[in-house]
2 protein chains.
Amino acid sequence: MDRQHGTRATISDVARVAGVSRQTISNVLNNPERVRPETRERVLAVIDEQGYRPNAAAKQLRQRRAHALGIELDVTGNRRVSGVLTAFLVESVLAARTHRASIVPFVSADHERPEPEFDDLVRRQMVDGFIIVDTRLGDPRPAWLRERGIPFVSFGRVWDDPEHTAWADVDGAAGTATAVEHLVAGGAHQVAFLGWPSGSPTGDERRLGWQRATRAAGIEDPSLVQESVQDVSEATLAAAGLVRRLNPGDAIVCASDELAMGALRAARAAGLTPGLDCSVVGFDDGPLAEALGLTTLRQPVSEIAQHLVAVATGLGDGDDPPAHGRLALPTLIVRATSIRRATPEEEEGRS
Amino acid sequence: MDRQHGTRATISDVARVAGVSRQTISNVLNNPERVRPETRERVLAVIDEQGYRPNAAAKQLRQRRAHALGIELDVTGNRRVSGVLTAFLVESVLAARTHRASIVPFVSADHERPEPEFDDLVRRQMVDGFIIVDTRLGDPRPAWLRERGIPFVSFGRVWDDPEHTAWADVDGAAGTATAVEHLVAGGAHQVAFLGWPSGSPTGDERRLGWQRATRAAGIEDPSLVQESVQDVSEATLAAAGLVRRLNPGDAIVCASDELAMGALRAARAAGLTPGLDCSVVGFDDGPLAEALGLTTLRQPVSEIAQHLVAVATGLGDGDDPPAHGRLALPTLIVRATSIRRATPEEEEGRS
DNA sequence: TGCCATGATTTGAACGATCAAATCACTGAT
DNA sequence: ATCAGTGATTTGATCGTTCAAATCATGGCA
């Protein structure tokens, strides 16, 4: 065999045996309509026989395209990646694959100033663009990327730039509204809300959904709200103030699963059994919610990843960004922490 | 400026302005000892000025090295990646960076038969080798990789091939022994063990550590063992059998945090408060353990990742594999589920 | 028969970096 | 003054693929 290196066949090896030019091999793989069927079949047989695969580095160099998207792993503080981000990473890897691309996970030395790492990856042609996650008000990344014409898409709204349309996010308001409906259907007369401090657009949106749904159900009570930072102990304290106000059968909708943990603790401390005496619903889902048997709203990470990867690779192909962003509905996952009535639509508890 | 493409400077651009050959630019970056200090400084100044970064694809192509390691994300069943694997991935990305390499996460279409994906990545020169994780008895990957001379290292013992030395793993026996000591120091008279069904080398090892330590403490009782598959409900049932046998102040050491969850549930169901009436210690640590306030043994993922990445990149450089594998000690993380006495060495609970 | 159009294929070069050998410049020894 | 050795640098080519233009072969029409 004419392979002058290891075990990898090159395009020249295939061309020699198939009796055609190297460019014809390339055409068979990339522009098959330019090749006669007979030639095509002959070439494909040799490719299969030799186990030929195009060298990724050669393609990247010639095309000046990395066929890869960077995703930063936010490991602030305890070097822990959130359950949602982990799931999103997995789904992105899967989605990228269908686009013949790959995901480059990276960590910034200084999370508050990630730009040098973004810059480095682009200059080295390691990535064609980025999928940014955990966007927030005042986030420096979008403007920085836009100024340099670096393609990017966003899991989460780009709150400082409403014109940026290449984003997808969970519809937080629809989610909490669904939770309220579920709880009311389960007999709750009061539904409280445990959220983050105001000023977080994501948190405010989830609160809005709760508000609308309680109003629609005729049980709105704006005083049934407490705030806490994303910390279980803090959330427990905040939730205690709500639990005190509730009657048996009532409920708390939380802006996240971590906050829901606080609510569960507060309820138990007050002698209430979640799922029997009261209900608690979280937001996000993940191994934690599953292990706790927590009723929660599952982030639509698969749908979001598929959409974003498609848009990002399209940007690389010269496509236009979408006309507007995309909201995806979370799925209510009913487990043990919410009281429910015997309806066929319930389920999904770990039993 | 002579950049004929976008914003990226090439080695020729730098060479032109610095007034040296392209090879000298390369030498300054890769073999600086071959260049006079004055020339070196001049070149570095131009590199800095132009923001030049070597094109990764060009390097990969010329050197026939991807400078990347593949890590498969096991998403069997519910497409969930374990907390340990997630943490390991992050640490690997960090470790790879210090070796000027990157991590390529991938998912196999069929987890029971991942070989085609491994094959594809190698043929496309996307990776130089692999870090395999979650090794198990009968695992097909090691032999397959070895037969093809594909470099790989392993997080976990390669149970079917004792000759393979490029591995690192947690010292499970030392971990559970440490847990027993901690519990005995906290006043436990009996320490039970909740593990996986026999036949799992990892599980058997953790059990061995418990056995040795209880014997050394003079409280060994082989009947204080129950087994369960890695499922919280199953673990709860199994743990109930142990809880019944324990007196106030006694403890259960578990082979994993998931099993520990079952033990916590069983204890509570029996009217015991973990951390006050009894103790429960898990194994692995992660967001789940943290949220639960679980005392557990933290996997030394950082140490393992650093070791494995160093070995893997060394293999690529032609280095020999290490003389033997490496066991790393887990760290006992004392939180709320274990009774402890007022000793200075305790702490680390989330308070 | 000759010319033109078109599908199919080939040829030549490029992408940006590094390998490996050749060349240059300088110094010290004879 | 010449030669040999050595550090510093350059030259020529390569890596494996795709871009873009050129060429070839064939069929249809005047």
Side-chain angles (χ1 to χ4, degrees), chain A residues 2-16 18-43 46-47 50-67 100 122-126 128 317-318, chain B residues 2-16 18-43 47 50-67 100 122-126 128 316-318:
Chain A
D2 275 328
R3 312 197 204 140
Q4 308 94 328
H5 63 278
T7 56
R8 268 189 292 252
T10 68
I11 206 166
S12 297
D13 298 325
V14 179
R16 197 171 296 114
V20 295
S21 74
R22 291 166 303 157
Q23 185 59 48
T24 298
I25 307 299
S26 184
N27 282 335
V28 166
L29 293 174
N30 305 309
N31 302 288
E33 74 285 350
R34 296 185 193 172
V35 186
R36 282 182 316 155
E38 309 95 83
T39 309
R40 204 184 304 157
E41 282 163 28
R42 192 170 80 241
V43 167
V46 177
I47 285 173
Q50 302 195 353
Y52 166 73
R53 292 289 185 280
N55 183 300
K59 287 187 66 162
Q60 285 162 34
L61 181 59
R62 185 67 193 82
Q63 295 183 321
R64 300 181 176 191
R65 286 269 314 261
H67 298 294
R100 309 251 214 116
V122 171
R123 286 184 186 278
R124 289 163 58 212
Q125 199 185 275
M126 290 280 289
D128 300 313
D317 292 339
Chain B
D2 275 324
R3 309 194 204 140
Q4 309 93 329
H5 64 278
T7 57
R8 266 188 295 254
T10 68
I11 206 165
S12 299
D13 299 325
V14 179
R16 196 171 295 117
V20 296
S21 74
R22 290 167 302 151
Q23 186 59 48
T24 298
I25 307 298
S26 184
N27 283 334
V28 168
L29 294 174
N30 304 309
N31 302 285
E33 74 285 350
R34 296 185 192 172
V35 186
R36 280 182 315 154
E38 312 93 81
T39 309
R40 203 184 306 156
E41 282 163 28
R42 193 168 81 240
V43 166
I47 285 174
Q50 302 197 352
Y52 165 73
R53 292 290 184 283
N55 183 298
K59 287 187 68 160
Q60 286 164 34
L61 181 60
R62 185 64 190 83
Q63 295 183 321
R64 300 181 173 192
R65 288 264 318 256
H67 299 292
R100 308 250 217 117
V122 171
R123 286 184 186 278
R124 289 163 59 211
Q125 199 186 274
M126 289 281 287
D128 299 313
D317 292 338

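Naming convention: chains lettered A, B, ... in sequence-line order (proteins, then strands); numbering from 1 in each chain.
At the phosphate of dC19(C), OP1 or OP2 sits under 4.0 Å from a side-chain N or O atom of Gln63(B). For dC15(D), neither phosphate oxygen OP1 nor OP2 lies less than 4.0 angstrom from any side-chain nitrogen or oxygen of Asn55(A).
Within the model, atoms CD of Gln125(A) and CZ of Arg64(A) stand 8.5 Å from one another, a figure rounded to the nearest 0.5 Å. Note: Arg34(B) CZ to Gln23(B) CD = 7.5 Å, rounded to the nearest 0.5 Å. The CG atom of Leu61(B) sits 12.5 Å away from the CZ atom of Arg62(A) when rounded to the nearest 0.5 Å.
Atom CG in Asn31(A) sits roughly 12 Å away from atom C1' in dA20(D) (whole-Å rounding). In this structure, Lys59(A) atom NZ and dC15(D) atom C1' are separated by 17 Å, rounded to whole Å. Whole-Å rounding puts the Arg65(A) CZ to dT18(D) P distance at 13 Å. Between the CG atom of Leu29(B) and the P atom of dG16(C) there is a distance of 16 Å, rounded to whole Å. Separating the CZ atom of Arg100(A) from the C1' atom of dT18(D) is a distance of 14 Å, rounded to the nearest angstrom. Rounded to a whole Å, the CG atom of Asn30(B) is 14 Å from the P atom of dA20(C). Rounded to an integer number of Å, the gap from CZ of Arg8(B) to C1' of dC15(C) is 11 Å. One can place CD1 of Ile47(A) at 13 Å from C1' of dT17(D), the figure rounded to the nearest angstrom.
No side-chain donor-acceptor contact under 3.5 Å links Arg22(B) to the backbone of Ile11(B).
Between Glu38(A) and the choices Arg42(A), Arg36(A), Arg40(A), the side-chain hydrogen bond (donor to acceptor under 3.5 Å, both in side chains) rule is met once, by Arg36(A).
Taking the screw axis at each terminus of the helix from dT1(C)-dA30(D) to dT30(C)-dA1(D) from five consecutive base pairs, the angle between the two is 70° to within rounding of 10 degrees.
Annotation: side chain of Val43(A) is not in contact with side chain of Val35(A) (no heavy-atom distance under 4.5 Å). Taking the side chain as every heavy atom from C-beta outward, Ile47(B) and Leu29(B) approach each other to under 4.5 Å. Looking at heavy atoms from C-beta onward, Thr10(A) lies out of side-chain contact with Asn55(A) at the 4.5 angstrom threshold.
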*Any chance you could list the contact pattern along nucleotides 8-14 of chain C? Use B for base contacts, S for sugar-phosphate-only contacts and - for none, protein heavy atoms under 4.0 Å, 5' to 3'.*
SBBB-BB
*Arg8(B) and Asp13(B): salt bridge (charged side-chain N to carboxylate O under 4.0 Å, His left out), yes or no, with the steps?*
CA-CA 10 Å; Arg8(B) 266 188 295 254; Asp13(B) 299 325; over 6 Å; no
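Note on Arg124(A): nothing from the nucleic acid sits closer than 4.0 angstrom, heavy atoms only.
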